[in-house]
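Step one of this worksheet: look at the structure below.
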Number of protein chains: 2
Amino acid sequence: MKVRDVAEAAGCSIGSVYNEFGDFDGLILTVNRETVQALTERLKAVPADDPLRQLHGLADAYLGFATEHANLLRSLFEHRMEDDRPFPEDILAMVMDAFALMHAPLVRLLPDRDPGDVAVLSRMMFSAVHGIISLGLEERMVAVPPEQLRERLAQFVDTHLAGLGVTRSA
Amino acid sequence: MKVRDVAEAAGCSIGSVYNEFGDFDGLILTVNRETVQALTERLKAVPADDPLRQLHGLADAYLGFATEHANLLRSLFEHRMEDDRPFPEDILAMVMDAFALMHAPLVRLLPDRDPGDVAVLSRMMFSAVHGIISLGLEERMVAVPPEQLRERLAQFVDTHLAGLGVTRSA
DNA sequence: GATTCTTCTTGAACAATGTTCATTTTCGTA
DNA sequence: TACGAAAATGAACATTGTTCAAGAAGAATC
């Protein structure tokens, strides 16, 4: 993304882009905010009736979003602020909220576990899913073949849940 | 990293940097090659006597490397080639080889499983570890609190192995 | 409607950085 | 020493983020 391209696409001058977004970081962060919102919206649309199905749905929804908007997700996770400025708190909070969406179904599946523990478990599980997807979707690094990704991801979730003591029939 | 800084640090001219590395991509890729080699060396130093301990050791070694060389790993995984040039095959192969290091111990722990399946499982497991670590070490996105990362990572490996049917005493 | 003040918009100019290439230096060889 | 090949140089260029004085547009007052 280039400031000049944005200006041309918006039909205004370069200066107006700066009036609107402040600087390049501001431009990127505006895009990233929309990305998190769109992602969250998509994740929240996953049915919450059955917790196990919900977990699979969340992983699958994340995979779908990552497939369709690979570059947006990269911008969200890989962008570094200029001049070591701190990353905006609101975006951090939104991302953490999105990653915490696995918490509710996990609590239902693991009612006896310490809630604080489940909170970490859910974010860790989402981080793992994120890692599998982000590396799996890289054209270059085929850690997991893309055509298998959907199936393998479901397998991963099942395996991990089994390790946590969740029986498949629950 | 800037070409001018490299030239100054090397005590030569800007042009000499270009004679040596071709272009900026060449410079980055040279660094990335050394990064993969250093990472692989470290991972291969993990004792292979006990497969379960080896898996924990690999995860822990990756965490250690990521902690000490966060920016090098980011460069390796996040760098995009200019002008849509293809990513060098040799680096791809080296990264895949590093990620495949979980294969041998997993085969020992899962002797009855289809080898091709275990190959994917091992890369998937490493991708998951990568995701947990890379997000956990981001100052900004504390998916998993850094001070807990080591312990949580071991817990993750254990949980996943349990899900795969590996008994803890094996 | 004219004048003045405020606000917004503009794009030329600047700074930083990757890149090129004619020139210069270095060095081996006759 | 003289010549030619190879290497090194850094000034100049292209791209891109950034600034800001000047101008345009609008609001307010008389």
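Note on naming: letters A, B, ... go to the chains in the order of the sequence lines (proteins, then strands), and numbering restarts at 1 for each one.
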[N] [atom2] sits how many Å from [X] [atom1], rounded?
| X | N | atom1 | atom2 | value |
| --- | --- | --- | --- | --- |
| B:Glu82 | D:dA14 | CD | C1' | 13 Å |
| A:Asn19 | D:dT19 | CG | C1' | 11 Å |
| A:Asp25 | D:dG17 | CG | C1' | 11 Å |
| B:Met1 | C:dA16 | CE | P | 20 Å |
| B:Ile14 | C:dT17 | CD1 | C1' | 9 Å |
| A:Arg80 | D:dG17 | CZ | C1' | 20 Å |
| B:Asp23 | C:dT17 | CG | C1' | 14 Å |
| B:Tyr18 | C:dC21 | OH | C1' | 13 Å |

- Query: B:Ser13 side chain: which of C:dA13, D:dT9, C:dT10 is closest?
  - Reply: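 Looking only at side-chain atoms, B:Ser13 lies closest to D:dT9.
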- Task: Determine whether B:Leu63 and B:Thr67 make a side-chain contact, defined as any pair of heavy atoms from C-beta on separated by less than 4.5 Å.
- Result: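 Contact flag for B:Leu63/B:Thr67 side chains = yes.
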- B:Val118 to B:Arg113 - nearest heavy-atom pair and separation: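 That would be CG2-CB, 3.7 Å.
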- Query: Could you walk me through whether B:Phe156 and A:His160 pass the ring pair (Phe, Tyr, Trp, His ring centres under 6.0 Å) check?
  - Reply: CA-CA 8 Å; B:Phe156 172 84; A:His160 203 72; 4.8 Å; yes
- Message: Can you tell me if A:Ser16 touches the phosphate of C:dT10, counting only side-chain N or O atoms and a distance under 4.0 Å to OP1 or OP2?
- Response: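 Yes, within the criterion.
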- Query: Considering the options B:Leu55, B:Leu43, B:Leu39, which one meets the side-chain contact (heavy atoms from CB on, under 4.5 Å) requirement together with B:Leu101?
  - Reply: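 So the option named by the test is B:Leu43.
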- Which sits closer to the 5' end of DNA chain C, A:Cys12 or B:Phe24, going by the nucleotide each is nearest to?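 Result of the comparison: A:Cys12.
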- Does B:Gly15 or A:Arg4 map to a spot on DNA chain D nearer the 5' end, using the closest nucleotide for each?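 In this pair, the answer is B:Gly15.
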